[in-house]
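All figures in this text were calculated on a predicted structure; none of them were measured in a lab. We count ligands from 1, going down the list as the structure has it; atoms in each ligand are counted the same way.
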Amino acid sequence: MTDLKNIVRKNIWNLAPYSSARDEFKGTADVFLDANENPYGELNRYPDPQQKAIKQRLSKLKNVKTDQIFVGNGSDEVIDLAFRIFCEPGKDIALTFTPTYGMYEVSANINDVDLIKLPLVDDFQINTSQLQTYFSDENLKLIFICSPNNPTGNNINIQNIEFILNNFNGIVIVDEAYIDFSSQASFINKINTYNNLIVCQTFSKAWGLAAVRVGIAYANSQIIQLFNKVKHPYNVGTINQNAVLNALDNQVEVKQRINQLIAERKRLRERLTSIKKVNKVYPSEANFLLVDIDNATEVYEYLIQQKIIIRNRTTQVKNCIRITVGTPEENEKLINTLQNLT
Ligand SMILES: *Cc1c(COP(=O)(O)O)cnc(C)c1O
């Protein structure tokens, strides 16, 4: 078991958090003259700093306790907070497996933390054979695992993630931004087994709320307390919290859309495979496809001219582009445009 006190920055461990007016008064009242708010208007009150309504809903949905949930201003806030809580700038280090989501590296750089990047091997899986030497480095505090991985689209093998959880004493962040499109089970149900596990999910992808900026971290309550202590007091606005609650009220529709996108992913993959310039369409457990294509950069620029924007990933995976699954009409437009390019 990881002893949290040993891996949290001293100043954070000792930090007395800001106590907002909304934190201090918990009961019901008629007159609120405590927070210097304007008494007029519709959005005049500060949002709930603890996002209690969202946590109650997620607690039932995910079968975790409300104190095992952190609600962030996007997953980006969760990633940044992890660095700020666990990594001493200029001293501690983090590790991830590449190619992967670019924010781990940007966030590491912002926080002056070195990020070790180990290449994914054979079908973009983790090579566990050399990890033990990294585990013994006492400055290694964070390991980021993205599953399904962006931009490759595959699930990371469960046994390999568990190997890391069992052998590494620092924090393991499993980024499940695309889990709702995946056939693999979430690691959320393992937060009671591993006290060094943080599972990160988002409302930006499967829930269709990228504009709302809400990301979630699930972990044991001690870790969640640290996140709450370090976050900005009012980190998620009322309009954004309400948008999430609204989506949680419409789960049937959300689920239907997910199924539609998964069906469309299969169709798009078949259509792309039939295009001559396409060498390979990697299998995907997410809402995008990694495509190996002749002259990836030229294809990318040609598509821009045709007003179709995809992601050029050739610097990450040679000759590859990443295509998000859109509506059937959008995908057809892409296919027709690619067919014209011979
Ligand atoms: C899109 C994405 C996210 C989502 O980030 P938000 O800040 O919640 O929008 C997180 N992780 C990965 C790997 C992603 O691709």
For ligand 1, which atoms sit closer than 4.0 Å to a heavy atom of [X]?
{"X": "D76", "value": "7 (O)"}
{"X": "R213", "value": "6 (P), 7 (O), 9 (O)"}
{"X": "K205", "value": "1 (C), 2 (C), 3 (C), 4 (C), 14 (C), 15 (O)"}
{"X": "S204", "value": "6 (P), 8 (O), 9 (O)"}

Between [X] and ligand 1, which part of the residue brings a heavy atom under 4.0 Å of the ligand: side chain, backbone, both or neither?
{"X": "M103", "answer": "neither"}
{"X": "S75", "answer": "both"}
{"X": "N150", "answer": "side chain"}
{"X": "E77", "answer": "neither"}

Any ion pair linking [Y] and [X] (charged N to carboxylate O, less than 4.0 Å)?
{"X": "E329", "Y": "K333", "value": "no"}
{"X": "K91", "Y": "D112", "value": "no"}
{"X": "K10", "Y": "E88", "value": "no"}
{"X": "E264", "Y": "R267", "value": "yes"}
{"X": "R84", "Y": "E77", "value": "no"}
{"X": "R57", "Y": "D249", "value": "yes"}

Point to revise | Proximal candidate to atom 13 (C) of ligand 1 [heavy atom criterion; set A211, C200, A286, C146] | key: C146
**Study point:** Residue selection (non-hydrogen contact nearest atom 10 (C) of ligand 1) among G74, A177, P148
**Key:**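 Comparing heavy atoms across G74, A177, P148, the nearest one to atom 10 (C) of ligand 1 lies in A177.
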Check your understanding: Does A210 reach ligand 1, in the sense of a heavy atom lying below 4.0 Å from it?
Key -> no
Review point. So is F203 close enough to ligand 1, meaning a heavy atom under 4.0 angstrom away?
Key: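 F203: no contact with ligand 1 (<4.0 Å).
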Point to revise | N319 and its side chain to side chain contact (heavy atoms under 4.5 Å, CB included) partner, picked from N295, D292, V299 | key: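 Answer to the side chain to side chain contact (heavy atoms under 4.5 Å, CB included) test with N319 among N295, D292, V299: D292.
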Check your understanding: Atom CD1 of I156 and atom CD1 of I158: how far apart are they, to the nearest 0.5 Å?
Key -> 11.5 Å
Review point. Does any N or O atom in Y178 lie less than 3.5 angstrom from one in ligand 1, N or O only?
Key: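 The answer is yes, given that Y178 and ligand 1 share an N or O pair closer than 3.5 Å.
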Point to revise | Ring centers of F288, Y178 separated by less than 6.0 Å | key: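 Yes.
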Practice item. Report the nearest protein non-hydrogen atom to atom 11 (N) of ligand 1: residue, atom name, distance rounded to 0.1 Å. Key: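 Sorting protein heavy atoms by distance from atom 11 (N) of ligand 1 puts D175 OD2, 2.7 Å first.
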